[in-house]
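This structure is in structure tokens; I'll ask about it shortly.
In this text, all values refer to a predicted model and were calculated from it rather than measured experimentally.
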Amino acid sequence: MSGVLVFALFLFEILAIATISVSFCNGSSYHGGCLESERGALLRLKRDLKDPSNRLASWNGSGDCCAWTGVVCDNMSGHVLHLDLRNPFNYSKESEYDAIRGTALVGKINPSLLDLKHLSYLDLSLNDFQGGRIPRFVGSMGNLRYLNFSGTRIGGMIPQQLGNLSNLQFLDLSSNYLLYVDNFLWLSGLSVLEHLDLRSVNLSKAFDWLMVANKLPSLVELRLSNCQLQHFSPLATANFSSLTVLDLAHNQFDNSFIPSWVFGLSHLLFLDLGFNNFQGPIPGGLQNLTSLKHLGLDSNYFNSSIPNWLYRFIHLEYLSLRNNKLQGTIDSEALGNLTSISRLDLSLNTGLVGRIPRSMASLCNLKSINLRGVHVSQEISEILDIFSGCVSNGLESLDMRSSSIYGHLTDQLGQFRNLVTLNLANNSIVGPIPESFGQLSTLRELQIYDNKLNGTLSELHFANLTELSWFRVGGNQLTLEVKHDWIPPFQLVALGLHSCYIGSRFPLWLNSQRHLQFLDLVNSRISDIFPIRFLKSASQLKILDLEQNQIHGEMPNLTEFTQLLFLSMDSNNMSGPLPLISSNLVYFGLSYNSFSGSISHFLCDKINETKRLEALKLNDNYLQGELPDCWMSYQNLKILKLSNNKFTGNLPNSFGSLASLVWLDLGKNRLSGTIPVSLKNCTALESLDVGENEFVGNIPAWFGERFSRMVVLNLRSNKFHGPLPTRFCDLAILQILDIADNNLSGAIPNCINNLTGMVTANSFSRSAQQHLPVPLDVDVILTEKASVVSRGEVVEYDEILNLVTVTAVSRNDLPKNVPLEVRNLKATQSLNFSHNTFTGRIPESIGVMRSLESVDFSVNQLSGEIPQSMSNLMSLNYLNLSNNKLTGKIPSSTQLQSFDASSFAGNDLCGAPLPKNCTENVSNSEDENGDEDEDELDHWFYVSIALGFVVGIWCFIGPLIFNRRWRYKYCHFLNRLERRVVCVVRKRG
């Protein structure tokens with residue numbers, strides 16, 4: 001009987017334990033319920049939080065608080081032990097950020113948490129505390145073992161009181177960009193801390209971070225990426241030898257090399273040192289870390305080959321060497337030893353070459369391969385064949401953009417049934433896209449633009465692509481051929497078909513794409529009216545590019561399309577007045593159309609509302625009238641192109657409100673008046689073109705003072721007068737200067753050698769491109785263009801504009817000599833001083849300007865000979881020295897003799913390529929001046945006799961004057977000679 005009783009009691013205990021366990025796992029407590037004081041504390045906490053998604057609906061005034069969402073109690077005492085209020089919506093893309101905020105708890109943290117005296121676990125991550133600070137009272141919650149404030153928008157300094165949490169094992173304050181700390185001393189009290197995550201917290205002033213972290217012997221994970229760390233303190237060895245995770249990525253360490261203590265962390269499984277300044281070869285000390293599963297060395301300056309020891313890391317699952325300066329080959333068969341590898345990224349190492357080795361066919365765990373920018377130089381069919389075995393079963397992402405691959409896509413493509421992303425853009429792949437492409441039912445992203453594909457895409461290609469969201473195949477010769485009423489099985493986010501033929505009408509099937517955000521139909525031969533119906537159906541569209549088509553008619557107002565950020569209709573046949581636009585539009589391009597009328601209604605609409613517009617291109621239309629004084633609403637504008645229209649009148653003073661302006665192009669209009677002083681507020685200007693207008697007055701002296709970033713300055717063909725201001729020399733990085741065809745006078749300032757942009761080639765890394773911010777993984781790049789008169793004709797530069805240097809001062813009234821300082825502009829490629837009144841000689845040392853490609857000194861009053869050094873200008877392909885007063889022989893060189901005789905006409909020159917022979921010229925000169933030459937010869941003859949007499953006398957008399965003994969002997973010799981002569985005379989007498 002007692003045995004049965006004992007068994008019954010044992011069974012009851014087992015059931016009780018099971019019940020308690022289930023209750024614990026479900027957030028419940030024992031049947032007595034939670035404590036009243038702790039229920040009240042939780043309700044006070046809720047009172048200070050807004051709950052837009054009703055996550056805390058179960059938190060009411062009655063009932064067992066241990067059954068509330070996120071609350072876990074002790075089964076015996078009923079005390080609240082765990083409080084998990086983490087936002088369950090964990091976004092993975094930036095575009096989902098707004099969605100997570102819709103489910104976040106918003107407000108402040110009530111001190112009632114102090115009443116939960118047994119709380120050991122507190123997770124408030126991914127909620128929104130609106131920039132508030134971490135409450136200091138948290139440091140008094142001494143039983144806490146787990147504390148998570150990640151992604152909560154908290155700010156300010158981390159309170160030192162957190163160092164009192166001596167039982168804390170897990171601390172996560174990551175993804176709070178407003179949070180900072182001055183030192184790590186507070187961490188020294190957390191002796192049992194195992195997990196520390198401070199990613200994206202500002203630690204720039206915490207110079208002791210390494211010394212303090214090294215004193216935490218229990219530390220297993222240390223994540224300090226994107227913390228603005230700059231320095232490693234001296235450390236011989238690491239005491240945190242149990243560390244398995246070390247993440248120091250996205251910092252800017254001032255050390256050139258990875259510190260040696262890292263190589264002693266033999267238990268490391270995860271090491272990420274990406275996005276730092278490490279350089280040199282990949283250090284051999286890393287080969288000690290053979291347990292690594294994750295190794296990130298991307299975006300540094302490593303410049304060696306891939307070391308062979310790396311292929312012995314058989315546990316490695318993730319390897320990223322992306323965006324370094326690695327060299328050598330990737331075709332090592334040893335790649336096949338990385339049998340655990342899941343994600344391999346060698347992209348953006350332009351020094352890497354080599355074919356994909358066959359051994360990679362054994363990497364059956366591969367899910368992602370990124371070889372973008374690696375010069376593989378291999379047929380795509382061979383690559384697909386290598387991966388067609390076990391790799392094809394698990395491969396999810398293949399990125400081989402710009403990898404020099406070629407050949408035809410084959411039906412093997414259909415074997416990659418789990419492929420999610422395929423990017424083969426910017427290669428030399430030819431032929432049609434095979435229909436097996438339609439078998440990739442999991443494919444979400446296909447980017448194969450800028451190849452040499454041709455053929456037709458039909459509905460069969462898309463039949464099973466229900467997951468497709470990115471489809472970019474532009475830059476090929478493809479034809480999209482589908483039925484008029486086709487409804488695709490997918491919902492696209494991005495569609496790029498530029499230079500593909502899609503029919504003359506705007507595709508009706510696009511009206512079904514409700515999630516479309518990016519649409520590129522540039523040069524698709526569309527001949528239709530503006531697709532307003534489509535725009536109304538595409539409520540999420542952000543980028544619409546319809547350049548270079550035949551779209552015609554008037555454009556309707558676009559004020560209702562507030563989601564649209566980028567709209568380009570350049571190079572179409574649109575006409576009529578300008579439409580009104582939304583204030584949210586960032587880019588608006590209508591250039592090369594036939595729009596007409598005033599722009600006042602367009603610019604001055606909702607004048608008190610700040611516009612987001614950053615680029616406005618209205619050039620090459622038929623717009624007219626005065627520019628309205630409404631620019632104060634466009635303070636974000638960076639690019640303004642109004643050239644080649646019919647605008648008149650003065651520039652409005654509100655132009656000075658455009659403080660962000662980088663490119664301003666007003667050329668080829670009929671604008672007049674002086675340059676307004678308010679323009680000096682536009683200090684960000686890099687390019688100013690007001691050429692071919694009717695501006696008057698002096699060139700403002702403040703140009704040099706205010707426009708220190710100026711690279712392109714075009715004042716050509718106006719009515720500017722007066723001298724060039726000396727402050728012009730302050731435009732240090734100026735590369736293109738065109739002040740031709742004005743009424744300028746006075747000397748060119750001698751300080752022009754201060755124009756460093758023309759002195760030293762590539763002295764500045766300024767780009768001719770501007771990037772526009774759009775919330776998509778696409779590049780919106782605007783390329784600056786400038787028209788320059790060079791080589792005797794108008795040349796338009798765009799992509800290489802930052803490499804062009806031009807000086808044009810022709811057709812003015814600039815007298816005096818060409819300043820010698822011109823020779824210092826050694827990076828200048830085009831020099832045009834024609835149609836002025838320059839006198840004197842061409843600078844003798846002009847030959848040092850080796851970059852010159854075009855020289856024009858025509859129609860001046862230059863004299864003397866052509867400098868011999870000009871024959872050193874090996875890049876010269878245009879020369880015009882005509883109509884001056886130059887004399888003498890044209891220097892002999894292959895370069896100068898290659899120009900037409902017209903380049904030297906109107907001077908007194910001889911020699912090739914002119915028909916006038918220099919030897920005949922010399923002979924005639926001798927005949928004409930023969931008498932003068934004889935007289936000159938006689939003169940020098942008598943002079944030489946006199947000099948010889950004087951020298952001879954002194955050679956004889958000098959020693960006698962200064963040497964007494966010689967003088968005595970000489971006199972004695974004369975006396976003896978005299979006696980002998982007298983004797984001879986007497987005898988003969």
Side chain of Asn418, backbone of Glu396: donor and acceptor closer than 3.5 Å?
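Here the side-chain-to-backbone pair does not exist.
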Using 0.5 Å steps for rounding, measure from the CZ atom of Arg372 to the CG atom of Leu348.
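Taking CZ in Arg372 and CG in Leu348, the distance rounds to 5.0 Å.
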Are the side chain of Ser469 and the backbone N or O of Leu492 linked by a donor-acceptor pair below 3.5 Å?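 Such a contact is absent between Ser469 side chain and Leu492 backbone.
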* **Heavy-atom closest pair, residues Asn621 and Leu590** =>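 Distance-wise, the nearest heavy atoms are ND2-O, 3.0 Å.
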- Heavy-atom donor-acceptor pair, Ser332 side chain to Ala334 backbone, under 3.5 Å: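 Yes; at least one donor-acceptor contact below 3.5 Å.
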Fill in: Check: Val711 and Ile736 side chains under 4.5 Å, non-hydrogen atoms
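No. Closest side-chain heavy atoms not under 4.5 Å.
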Inset, instruction - Using a strict 4.0 Å threshold on nitrogen-to-oxygen distance, state whether Asp665 and Lys641 make a salt bridge. - result: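 Salt bridge: yes.
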Do Phe588 and Ile581 come close enough that some side-chain heavy atom pair is under 4.5 Å?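 Yes, at least one pair of side-chain atoms sits under 4.5 Å.
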key: Non-neighbouring partners of Ser368 that pass side-chain contact (heavy atoms from CB on, under 4.5 Å), sequence neighbours left out   =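 side-chain contact (heavy atoms from CB on, under 4.5 Å) list for Ser368, sorted by chain: Arg343, Ser397.
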Are more than 12 heavy atoms, taken from residues, nucleotides or ligands other than Ile532, located less than 6.0 Å from that residue's CD1 atom?
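Yes, CD1 of Ile532 has more than 12 neighbouring heavy atoms, counting only those of other groups under 6.0 Å.
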Any chance you could measure Asn365, atom CG, to Leu338, atom CG, to the nearest 0.5 Å?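 Result: 11.0 Å between the selected atoms.
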### Query
So does Leu558 have more than 12 non-hydrogen atoms from other groups sitting under 6.0 Å from CG?
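Atom CG in Leu558 is packed in, count exceeds 12.
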*Expected output: side-chain Asn454 to main-chain Gln477 donor-acceptor under 3.5 Å*: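 Not at all, since once roles are kept as given, no pair shorter than 3.5 Å links the two residues.
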Side chain to side chain contact (heavy atoms under 4.5 Å, CB included) evaluation trace for Lys542 with Phe518
CA-CA 6 Å; Lys542 292 179 173 61; Phe518 170 89; over 6 Å; no
Quiz: residues 497-506 side-chain donor-acceptor pairs under 3.5 angstrom, not counting sequence neighbours:
from   : atom 1 : to     : atom 2 : distance (Å)
His498 : ND1    : Asp520 : OD2    : 3.3
His498 : NE2    : Gly475 : N      : 3.2
Arg505 : NH1    : Asp528 : OD1    : 3.4

Step by step, work out the side chain to side chain contact (heavy atoms under 4.5 Å, CB included) result for Phe387 and Ile356. CA-CA 10 Å; Phe387 295 144; Ile356 293 177; 4.0 Å; yes
Heavy-atom pair of closest approach, residues Asn349 and Lys325: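 Smallest heavy-atom distance, with atoms named: OD1-N, 3.4 Å.
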Roughly how far, to the nearest 0.5 Å, is the CG atom of Leu642 from the CG atom of Leu640?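 Reported value, rounded in 0.5 Å steps: 4.0 Å.
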- Give me the ring orientation class for Phe462 and Phe490: parallel if the planes are under 30° apart, tilted from 30 to 60°, perpendicular past 60°.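 Perpendicular: the ring planes of Phe462 and Phe490 meet at over 60°.
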### Query
What heavy-atom pair brings Leu409 and Leu384 nearest, and what distance separates the two atoms?
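Where Leu409 meets Leu384 most closely, the heavy atoms are CD2-CD1, 4.4 Å.
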message: Going by ring-ring contact (aromatic ring centres under 6.0 Å, His included), name the residues that satisfy it together with Phe275, two or more places apart in sequence or in a different chain.
response: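 Result, ring-ring contact (aromatic ring centres under 6.0 Å, His included) vs Phe275: His250.
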- request: With sequence neighbours excluded, tell me which residues meet salt bridge (Lys or Arg N to Asp or Glu O under 4.0 Å) with Arg417.
  value: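 So Arg417 forms no salt bridge (Lys or Arg N to Asp or Glu O under 4.0 Å) with any residue.
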Quick one: does any side-chain atom of Ser875 pair with a main-chain N or O of Glu853 as donor and acceptor, under 3.5 Å?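 A pair under 3.5 Å: no.
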(Q) Rounded to the nearest 0.5 Å, what separates atom CG in Leu371 from atom CG in Leu346? (A)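 The CG atom of Leu371 sits 5.5 Å away from the CG atom of Leu346.
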Report yes if some heavy atom in the side chain of Ser305 is under 4.5 Å from a heavy atom in the side chain of Gln327; otherwise report no.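 No; the side chains remain at least 4.5 Å from each other.
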Rounded distance (nearest 0.5 Å) linking atom CG of Leu443 with atom CD of Glu467
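Going from the CG atom of Leu443 to the CD atom of Glu467 covers 10.0 Å.
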### Message
I'd like to know if the side chain of Asn451 reaches the main chain of Ser428, judged simply by a donor and an acceptor atom lying under 3.5 Å from each other, with no hydrogens or angles considered.
### Response
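Checked: pair present.
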| query | With sequence neighbours excluded, what pairs up with Asn308 under the side-chain contact (heavy atoms from CB on, under 4.5 Å) test? | reply |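 Asn308 satisfies side-chain contact (heavy atoms from CB on, under 4.5 Å) with Tyr311 once adjacent residues are dropped.
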Original post:
How close do Ser568 and Asp545 get, heavy atom to heavy atom, and via which atoms?
Top reply: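 Taking Ser568 first and Asp545 second, the nearest heavy atoms are CB-OD1, 3.6 Å.
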- Please lay out, stage by stage, how Gln550 and Asn573 fare under the test side chain to side chain donor-acceptor pair (under 3.5 Å). CA-CA 6 Å; Gln550 300 297 318; Asn573 294 327; 2.7 Å; yes
Compare every heavy atom of Ser512 with every heavy atom of Trp509, then report the nearest pair and how far apart it is.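 Shortest heavy-atom contact: O-OG, 2.6 Å.
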Q. Have Asp570 and Ser591 got a donor and an acceptor in their side chains that come within less than 3.5 Å?
A.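 The criterion, which ignores hydrogens and geometry beyond distance, is satisfied for Ser591 and Asp570.
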Item checked: Asn324 side-chain N/O to Leu297 backbone N/O, donor-acceptor pair under 3.5 Å ->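 Yes; at least one donor-acceptor contact below 3.5 Å.
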Should Asp385 and Gln412 be marked as a side chain to side chain donor-acceptor pair (under 3.5 Å) after you check the CA-CA gap, both sets of side-chain angles, and the distance that decides it? CA-CA 7 Å; Asp385 183 59; Gln412 289 171 308; 3.2 Å; yes
Could you give all pairs that pass the side-chain hydrogen bond (donor to acceptor under 3.5 Å, both in side chains) test and reach residues 478-492, with sequence neighbours left out?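 Listed once each, the pairs would be none.
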Practice problem: Please name all residues satisfying side-chain contact (heavy atoms from CB on, under 4.5 Å) with Ser575, sequence neighbours left out, ordered by chain then number. | Solution: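 Ser575 satisfies side-chain contact (heavy atoms from CB on, under 4.5 Å) with Ser594 once adjacent residues are dropped.
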Quiz item: For Ser359, does its backbone N or O pair with a side-chain atom of Glu333 as donor and acceptor, under 3.5 Å?
Solution: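 It does hold such a pair.
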Counterpart residues, side chain to side chain donor-acceptor pair (under 3.5 Å), relative to Asn427 (two or more places apart):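 Once residues adjacent in sequence are excluded, Asn427 has no partner under the side chain to side chain donor-acceptor pair (under 3.5 Å) criterion.
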Sidechain-backbone polar pair: Asp450 side chain, Asn426 backbone, donor-acceptor under 3.5 Å: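 The answer is no, because no donor-acceptor pair under 3.5 Å joins these two groups.
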Checklist entry - Are Leu546 and Pro531 close enough that some pair of their side-chain heavy atoms sits under 4.5 Å apart? => result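 They are in contact (side-chain heavy atoms under 4.5 Å apart), so the answer is yes.
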- Query: Asp399: what forms a salt bridge (Lys or Arg N to Asp or Glu O under 4.0 Å) with it, not counting sequence neighbours?
  - Reply: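 With neighbours one apart ignored, the set is Arg401.
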Salt-bridged, Glu382 to Arg355, with N to O below 4.0 Å?
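Looking at Glu382 and Arg355, the cut-off is met.
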| query | Is there a donor-acceptor contact under 3.5 Å from the side chain of Asp272 to the main chain of Leu295? | reply |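 No.
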Given side chains that start at C-beta, do those of Leu321 and Phe302 come closer than 4.5 Å, heavy atoms only?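 Not touching, per the 4.5 Å side-chain cut-off.
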**Asked** Roughly how far, to the nearest 0.5 Å, is CG of Asn877 from CD of Gln829?
**Response**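 Nearest 0.5 Å value for the CD-CG distance: 10.0 Å.
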Taking C-beta and beyond as the side chain, do Asp298 and Asp345 meet within less than 4.5 Å on heavy atoms?
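No, too far: nothing below the 4.5 Å cut-off.
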**Study point:** Pairs meeting criterion salt bridge (charged side-chain N to carboxylate O under 4.0 Å, His left out) with involvement of residues 507-516, two or more places apart
**Key:**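 Output for this query is empty, none listed.
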Point to revise | Any side-chain donor near an acceptor of the partner, Arg322 and Ser347, under 3.5 Å | key: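 Short answer, yes.
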Considering residues at least two apart in sequence or located in another chain, which fulfil the side-chain contact (heavy atoms from CB on, under 4.5 Å) criterion with His461?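 Only Ile433, Glu435, Phe437, Leu457, Ser458 meet the side-chain contact (heavy atoms from CB on, under 4.5 Å) criterion with His461.
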What pairs with His552 under side chain to side chain donor-acceptor pair (under 3.5 Å), at least two apart in sequence or on another chain?
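For His552, no residue satisfies side chain to side chain donor-acceptor pair (under 3.5 Å) once neighbours in sequence are set aside.
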